[in-house]
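For the single chain, residues carry numbers from 1 onward in sequence order.
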Amino acid sequence: MIVERQVALRFGLESREAGTHTNLSAVRQDGRCLWVAGDETATIERLTATLDGDGLVTGYEGHTTVALADLVDLPAGPDEEADIEGLARSNGWLWAIGSHSLKRKKIKAGQTGAKARKRLASVVREDNRFVLARLPLAAGADGLPEVVREDGDRTAAVLGLDGDSVTDLLADDPHLAPFLSIPSKDNGIDIEGIAAHRDRLYIGLRGPVLRGWAVLVEIRPGTDPDDPRRLRPLPVGDGKALYRTHFLDLGGLGIRDLCPQGDDLLILTGPSMDLDGPVRVHRWPGIAEADAPEVVPAERLPRLGDLPYGDGDDHPEGLAVLDGLHGEGTRLMVVYDSPSSKRLTADGGVLADVIRIPE
């Protein structure tokens, strides 16, 4: 895939100091605005497009930050990161999901011997990573979209406060349950993408990859009748099952992000382990027609192309379909975790790639 051009995303000083702009993990378009998130905080960011004389985007600025804890309850409180790895937008809602992953501590630079071995043996659970939030979108005083705690009878709500997270649903799953106690970068459970289509959420797993097959989890969350600020999983399909799993042959790669395009699902793929690449984009046509658990062979997942990646940097993490403000035709925006120095601008911005989707 050829990068058509790059646009700067300019963040405020506080978010730059928090490293949000260098840890981007999710992006969604909302008219003139972008919703983005980083994986080192518990916040969601909004950026607004600047336009040239022809009405085309030249960059994104006007940054505002929303703390997730101002909208929903978080199990570990407002100060612990939520490791937000996916954003989705549909029917007036913005969805945000944490990685739902365990974390093995890294060996610090210069450490050897017993200290290094002790850190490598330490596995940490951070409860804020295990949330799924549904946030109302409303028009602000300036006409731009904003996420709010309440909008009429719609309220922000969360799944994952008390033994009811997405991974709790998988506790008895014959394929995924064995991986729930394994850290993310060891091929354990690691959510890194979410897409909303009709009343369903499709959740992409970076890991585990099972004998070369990537995993997609489908759920149908709804409002808890006993507490409008909480979500509960509803049956998927005609039976009583609260989720479905789909297995996708993506050439041995895991899922790094998901984005709907009409009734199709675009899939950003990359290694499940701590490797740089390869990184590719695939299409699953007609996702709405998947009315049963699917095993999807490679020939049903056409590869749109490969994306650039770096050596220890420039990791493609977020994928969004761009419509309207970037010229004729449909384009993709790709945002990067650990951007190289070439992506950082002098005025505190970071460059995202704009890519024309092959016809």
> Can you name the residues that form a salt bridge (charged side-chain N to carboxylate O under 4.0 Å, His left out) with E14, not counting sequence neighbours?
Replying inline: none

> Atom OG1 in T245, atom CG in L210: separation rounded to 0.5 Å?
Replying inline: 9.5 Å

> When you measure from the side chain of R232 to the backbone N and O of L159, does any donor-acceptor pair fall under 3.5 Å?
Replying inline: no

> Got a sec, which residues hit side-chain hydrogen bond (donor to acceptor under 3.5 Å, both in side chains) with D313, two or more places apart in sequence or on another chain?
Replying inline: none

>> Among residues at least two apart in sequence or on other chains, which ones pass side chain to side chain contact (heavy atoms under 4.5 Å, CB included) with E146?
In response: R46, V148

> Which atom pair, heavy atoms only, marks the closest approach of V321 to P260?
Replying inline: CG2-O, 3.8 Å

> When you look at T223 and R134, which way does the side chain to side chain donor-acceptor pair (under 3.5 Å) test go after all the steps?
Replying inline: CA-CA 10 Å; T223 304; R134 186 191 66 185; 2.9 Å; yes

>> Suppose we screen for salt bridge (charged side-chain N to carboxylate O under 4.0 Å, His left out). Which residues come up paired with R200, at least two apart in sequence or across chains?
In response: E218

> Has the side chain of R32 got a donor or acceptor atom that lies under 3.5 Å from a matching backbone atom of A49?
Replying inline: yes

> Do L161 and L68 belong to the same hydrophobic cluster, where Ile, Leu, Val, Met, Phe, Trp and Tyr are linked whenever their side-chain heavy atoms lie under 4.5 Å apart, directly or via other members?
Replying inline: yes

> Going by atom types only, do T65 and S15 share a side-chain donor-acceptor pair under 3.5 Å?
Replying inline: yes

>> Looking at D153, I'd like to know if its CG atom is crowded, meaning that more than 12 non-hydrogen atoms belonging to other residues, nucleotides or ligands lie closer than 6.0 Å.
In response: no

>> Under 4.5 Å between side-chain heavy atoms, counting indirect links through other Ile/Leu/Val/Met/Phe/Trp/Tyr residues: same cluster for L258 and V236 or not?
In response: no

> CG of N128 to CG of L74: how many Å apart, nearest 0.5 Å?
Replying inline: 4.5 Å

> Is atom CG of L13 surrounded by more than 12 heavy atoms (other residues, nucleotides or ligands) closer than 6.0 Å?
Replying inline: yes

> Do L169 and I182 share a hydrophobic cluster, counting only Ile, Leu, Val, Met, Phe, Trp and Tyr and linking them when any side-chain heavy atoms are less than 4.5 Å apart?
Replying inline: yes

> Residues in salt bridge (charged side-chain N to carboxylate O under 4.0 Å, His left out) with R129, at least two apart?
Replying inline: E81, D83, E126

> Which pair of heavy atoms, one from P221 and one from D199, lies closest together, and at what distance?
Replying inline: CD-O, 4.5 Å

>> Assess the residue pair R28 and C259 against the criterion (side-chain contact (heavy atoms from CB on, under 4.5 Å)); give the C-alpha distance rounded to whole Å, side-chain angles, the decisive distance to 0.1 Å, and a yes or no.
In response: CA-CA 8 Å; R28 276 296 182 271; C259 187; 4.0 Å; yes

> Going through the checks in order, is the side-chain contact (heavy atoms from CB on, under 4.5 Å) test met by L266 and L304?
Replying inline: CA-CA 9 Å; L266 302 183; L304 301 185; 4.0 Å; yes

> T50 versus E61: any side-chain heavy-atom pair under 4.5 Å?
Replying inline: yes

> With R230, which residues qualify under salt bridge (charged side-chain N to carboxylate O under 4.0 Å, His left out), at least two apart?
Replying inline: D164

> Linking I/L/V/M/F/W/Y whenever their side-chain heavy atoms sit closer than 4.5 Å, directly or via other members, would V217 and I255 fall into one cluster?
Replying inline: no

> Rounded to the nearest 0.5 Å, how far does OG of S165 lie from CG of L170?
Replying inline: 8.0 Å

> So how far is it from I357 CD1 to L332 CG, rounded to the nearest 0.5 Å?
Replying inline: 4.0 Å

>> Tell me whether L242 shares a hydrophobic cluster with I191, the cluster being built from Ile, Leu, Val, Met, Phe, Trp, Tyr side chains joined at under 4.5 Å.
In response: yes

> Passes side-chain contact (heavy atoms from CB on, under 4.5 Å), R343 versus H21? Steps please.
Replying inline: CA-CA 11 Å; R343 287 191 180 274; H21 67 309; over 6 Å; no

>> A side-chain contact here means heavy atoms from C-beta on lying under 4.5 Å apart; do L24 and D337 qualify?
In response: no

>> Take a 6.0 Å sphere around CG of D172 and say whether it holds more than 12 heavy atoms from other residues, nucleotides or ligands.
In response: no

> Does atom CG of D142 have more than 12 heavy-atom neighbours from other groups under 6.0 Å away?
Replying inline: yes

>> Ignoring hydrogens, what is the shortest heavy-atom contact between C33 and P145? Give both atom names and the distance.
In response: SG-CD, 3.8 Å

> Considering residues at least two apart in sequence or located in another chain, which fulfil the side chain to side chain contact (heavy atoms under 4.5 Å, CB included) criterion with Q29?
Replying inline: L34, L322, D323

>> Taking E294's backbone N and O only, do any of them form a donor-acceptor pair with H246's side chain (distance below 3.5 Å, no angle check)?
In response: yes

> With no hydrogens and no angle check, do the side chains of D314 and S340 hold a donor and an acceptor under 3.5 Å apart?
Replying inline: yes

>> Checking side-chain polar atoms at under 3.5 Å, does R303 have a donor or acceptor matched by the opposite partner on T269?
In response: no

> So, does D54 use its side chain to make a donor-acceptor pair with the main chain of L56 at under 3.5 Å?
Replying inline: no

>> Looking only at the aromatic ring of each residue, does the gap between the centers of H100 and F130 stay below 6.0 angstrom?
In response: yes

> Does the pair T22 and L344 meet the rule for a side-chain contact (heavy atoms from CB on, under 4.5 Å), with working shown?
Replying inline: CA-CA 9 Å; T22 58; L344 301 178; 4.1 Å; yes

>> Give me the atom names and distance for the closest heavy-atom approach of G193 to D257.
In response: CA-OD1, 3.5 Å

>> My understanding is that only residues two or more places apart in sequence, or in another chain, count here; which of them pass side chain to side chain contact (heavy atoms under 4.5 Å, CB included) with P278?
In response: L253, R280

> Just how far is it from atom OG1 of T48 to atom OH of Y60, taken to the nearest 0.5 Å?
Replying inline: 9.5 Å

> Is a side-chain N or O of S25 found less than 3.5 angstrom from the main chain of E317, in a donor-acceptor match?
Replying inline: no

>> Testing the basics here: between T155 and P228, what is the closest heavy-atom pair and its distance to 0.1 Å?
In response: OG1-O, 2.8 Å

> When rounded to the nearest 0.5 angstrom, what is the spacing between CG in L234 and CZ in R220?
Replying inline: 4.5 Å

> Which atom pair, heavy atoms only, marks the closest approach of V27 to G318?
Replying inline: CG1-C, 3.7 Å

>> Going by side chain to side chain contact (heavy atoms under 4.5 Å, CB included), Y243 matches just one of L176, L201, D173, V166. Which one?
In response: D173

>> Just to verify, what does E85 make a side-chain hydrogen bond (donor to acceptor under 3.5 Å, both in side chains) with, not counting sequence neighbours?
In response: none

> Does any N or O in the side chain of D39 come within less than 3.5 Å of the main-chain N or O of T41, such that one atom is a donor and the other an acceptor?
Replying inline: no

> Between F11 and H63, how do the two ring planes meet: parallel, tilted or perpendicular, split at 30° and 60°?
Replying inline: perpendicular

>> Which residues pass the ring-ring contact (aromatic ring centres under 6.0 Å, His included) test with Y309, not counting sequence neighbours?
In response: none

> Looking at residues at least two apart in the chain, or sitting in another chain, which of them share a ring-ring contact (aromatic ring centres under 6.0 Å, His included) with F179?
Replying inline: none

Pair up each side-chain donor or acceptor in residues 105-121 with any protein partner under 3.5 Å, not counting sequence neighbours, and list the distances.
unit_1, atom_1, unit_2, atom_2, d
Q111, OE1, K108, N, 3.2
R119, NE, K106, O, 2.6
R119, NH2, K106, O, 3.3

